[in-house]
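To start, the structure itself, in structure tokens.
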2 protein chains.
Amino acid sequence: MVESKEFLYPVKWLSKASAGDRVTSELRMRIISGMIESGAILSENKLAADFGVSRSPIREALKILASENIIRLERMGAVVIGLTEKEYAEIYDVRLLIETFVFERLVRMDTNELVMELSKILEMMKISIKYRDADEFSNQDVLFHETIIRSINHSYILMIWDNLKPVMESLILLSMRSRFKEKYEDFTRIINNHQLYIDAIRTKDRDLMIKSLHENFDDVQEKVEDLWMAQQMLSKGVEQEND
Amino acid sequence: MVESKEFLYPVKWLSKASAGDRVTSELRMRIISGMIESGAILSENKLAADFGVSRSPIREALKILASENIIRLERMGAVVIGLTEKEYAEIYDVRLLIETFVFERLVRMDTNELVMELSKILEMMKISIKYRDADEFSNQDVLFHETIIRSINHSYILMIWDNLKPVMESLILLSMRSRFKEKYEDFTRIINNHQLYIDAIRTKDRDLMIKSLHENFDDVQEKVEDLWMAQQMLSKGVEQEND
DNA sequence: TCAAGTACACTTGTATACAAGTATTATAAT
DNA sequence: ATTATAATACTTGTATACAAGTGTACTTGA
């Protein structure tokens, strides 16, 4: 019924995507942003009507979101789990787990090509900041970490990332949008942290890597706080749309 | 066309399962056992005809298997990846990663209840051996590790396990079936290793845990070798069924 | 007022149909 | 024989239909 005036997920990223992918991405954003509240029960038919599609793409979306631990599929309806403090801490754990694993592999590899690639992405991030493009910045930020993870060519570590990535992407998107408005000066520090990360990989300096990793996670922690702000703003903004 | 005389996956485990789940489990077993060879291209329509179901459950199965890194979904058809030595090593990595993480949490918890639960499962495993029930033994073996992982109540570590579990289950099933025929004496050692694991958790002895974990993994390594034997036997057995 | 049963609304899982796109094969022209 | 074009066979993604099951609400009986 609600014709959703605007999508939270960047529509330009969905140009070639299927209806199923579109629903998945948008639904994920709405849940993580708090626009769809934790505990809410989603009905396939209702969602299909809301998004103006059939149940097929909706079912696909729900299956994916369930595998990401964002919703829980029950006999009757999908229950929204969302992200509480507990989940944030857990995501933090898993990122720490896989990124330290990746680094251990990296120190035994030739990282010249990777460093080059990461430097390019960092340049892109700077441009995105310059032009106040929060979505593009988020895209590059996610790409930065994915590039590192991909570089060790480990399909099962990549599998973990594949499950974590969409949630991370949503979190970063929401956080960066809010920061571009409120805490623009943060970006200098974020860029520095990423440069530190690159340096750690280049010099294969474990201590430096751990340091930048933790600073990066501190950023994530702040992102989380920002998110709560974004959630407040959003819930204020869409409250009138309830049936 | 092929009416598949027998399923590789234990049919009794699928009594309440949907057609989609049945196809997923059976397809996984056929791929991991090598019955469906690496590189093969699976067609939705062909699979639907083979399994005697519509495309809906087949699509569901393919999506899941793709998320498990067993197949790769391409524009035209799903390409079977299967498990090479590389994948075995990677699975080993991830198990080591999450189980050590779990243990670090366990040493800070009250593990009395867990130890009780694991002892029960171990008793069940002994019974399964006594009655030569390879499938039930495999079930309990998987349950053993899942119980440990679940005990720390970490949804994102559990998410990793959820993705890994089906592959592990298939590997263990194939391996144990073969061992019950060929290397029955192995089970004494497997039981001992599991008892060691329980002791490590009970006494919160990191060194003992690492030791038993590695021995357990050595078992996995042997399981892998057994698997190749099983694959050989299977490929001999089903060769005549090709169209 | 409350208990038991019945009807209805809604759920999931599966089958089927169809549109749009892509590879392959066949045909035709040079 | 080779290349260009056209026909066809197969692919994916989506919509729709339907059966079986589950919960809810309403009625009926005491």
Side-chain angles (χ1 to χ4, degrees), chain A residues 1-4 7 9 11 13-28 31 36 39-68 70-81 166 243, chain B residues 1-4 7 9 11 13-28 31 36 39-68 70-81 162 166 242-243:
Chain A
M1 220 51 75
V2 178
E3 203 36 74
S4 64
F7 271 35
Y9 196 81
V11 279
W13 295 2
L14 296 169
S15 55
K16 281 178 62 185
S18 66
D21 291 337
R22 262 190 292 275
V23 171
T24 308
S25 299
E26 182 57 21
L27 217 43
R28 188 189 293 114
I31 292 172
I36 298 177
I41 292 174
L42 304 178
S43 150
E44 288 183 5
N45 287 316
K46 214 160 176 308
L47 287 173
D50 287 356
F51 279 96
V53 296
S54 79
R55 272 180 58 219
S56 307
I58 300 288
R59 280 176 70 80
E60 190 187 316
L62 294 183
K63 287 266 168 65
I64 292 172
L65 296 180
S67 85
E68 291 170 8
I70 291 173
I71 65 173
R72 184 162 23 91
L73 259 36
E74 297 194 343
R75 301 124 189 283
M76 210 128 277
V79 182
V80 174
I81 298 175
D243 55 334
Chain B
M1 217 55 73
V2 179
E3 201 38 76
S4 64
F7 272 34
Y9 197 82
V11 280
W13 295 2
L14 296 169
S15 56
K16 282 178 60 186
S18 65
D21 291 338
R22 262 191 292 274
V23 171
T24 307
S25 299
E26 182 57 22
L27 217 42
R28 188 189 294 113
I31 291 171
I36 298 177
I41 292 174
L42 303 177
S43 150
E44 288 184 5
N45 288 316
K46 213 161 176 309
L47 287 173
D50 287 356
F51 278 96
V53 296
S54 78
R55 271 180 57 219
S56 307
I58 299 289
R59 281 177 69 81
E60 189 187 317
L62 293 184
K63 287 266 167 64
I64 293 173
L65 296 180
S67 86
E68 290 170 8
I70 290 173
I71 65 173
R72 184 162 22 93
L73 259 37
E74 298 194 345
R75 300 133 189 277
M76 209 129 275
V79 182
V80 174
I81 298 176
D162 283 340
N242 290 3
D243 53 334

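Not measured: the values here are computed from a predicted model.
Inter-residue side-chain proximity for A:Glu60 and A:Asp21 is flagged as met; some heavy-atom pair is nearer than 4.5 Å. The closest side-chain heavy-atom distance from A:Ile70 to A:Val80 is not below 4.5 Å. No side-chain heavy atom of B:Val11 sits less than 4.5 Å from a side-chain heavy atom of B:Arg22. Contact check for B:Glu44 versus B:Arg59: side-chain heavy atoms found under the 4.5 Å cut-off.
Taking only side-chain nitrogens and oxygens, A:Ser54 never comes nearer than 4.0 Å to OP1 or OP2 of D:dT14.
A donor-acceptor pair under 3.5 Å is formed between the side chain of A:Glu26 and the backbone N or O of A:Tyr9.
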Every protein N/O within reach of nucleotides 8-12 of chain C N/O, cut-off under 3.5 Å:
{"from": "C:dT11", "atom 1": "OP1", "to": "A:Ser43", "atom 2": "OG", "distance (Å)": "3.1"}
{"from": "C:dT11", "atom 1": "OP2", "to": "A:Asn45", "atom 2": "ND2", "distance (Å)": "3.2"}
{"from": "C:dT12", "atom 1": "OP1", "to": "A:Gly77", "atom 2": "N", "distance (Å)": "3.2"}

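Here A:Arg72 pairs with A:Glu74 in a salt bridge; the nearest charged N to carboxylate O distance falls below 4.0 Å.
Taking atom CD on A:Glu60 and atom P on C:dG13, their separation rounds to 15 Å, with Å as the unit. Distance A:Leu47 CG to D:dA15 P: 13 Å, rounded to the nearest Å. Atom P of nucleotide D:dT14 and atom CZ of A:Phe51 are separated by 13 Å, given to the nearest angstrom. Going from atom CD1 of A:Ile58 over to atom C1' of D:dT16 covers 15 Å, rounded to whole Å.
At a threshold of 4.0 angstrom between heavy atoms, the contacts of B:Ser18 are confined to the sugar-phosphate backbone, with no base atom among them.
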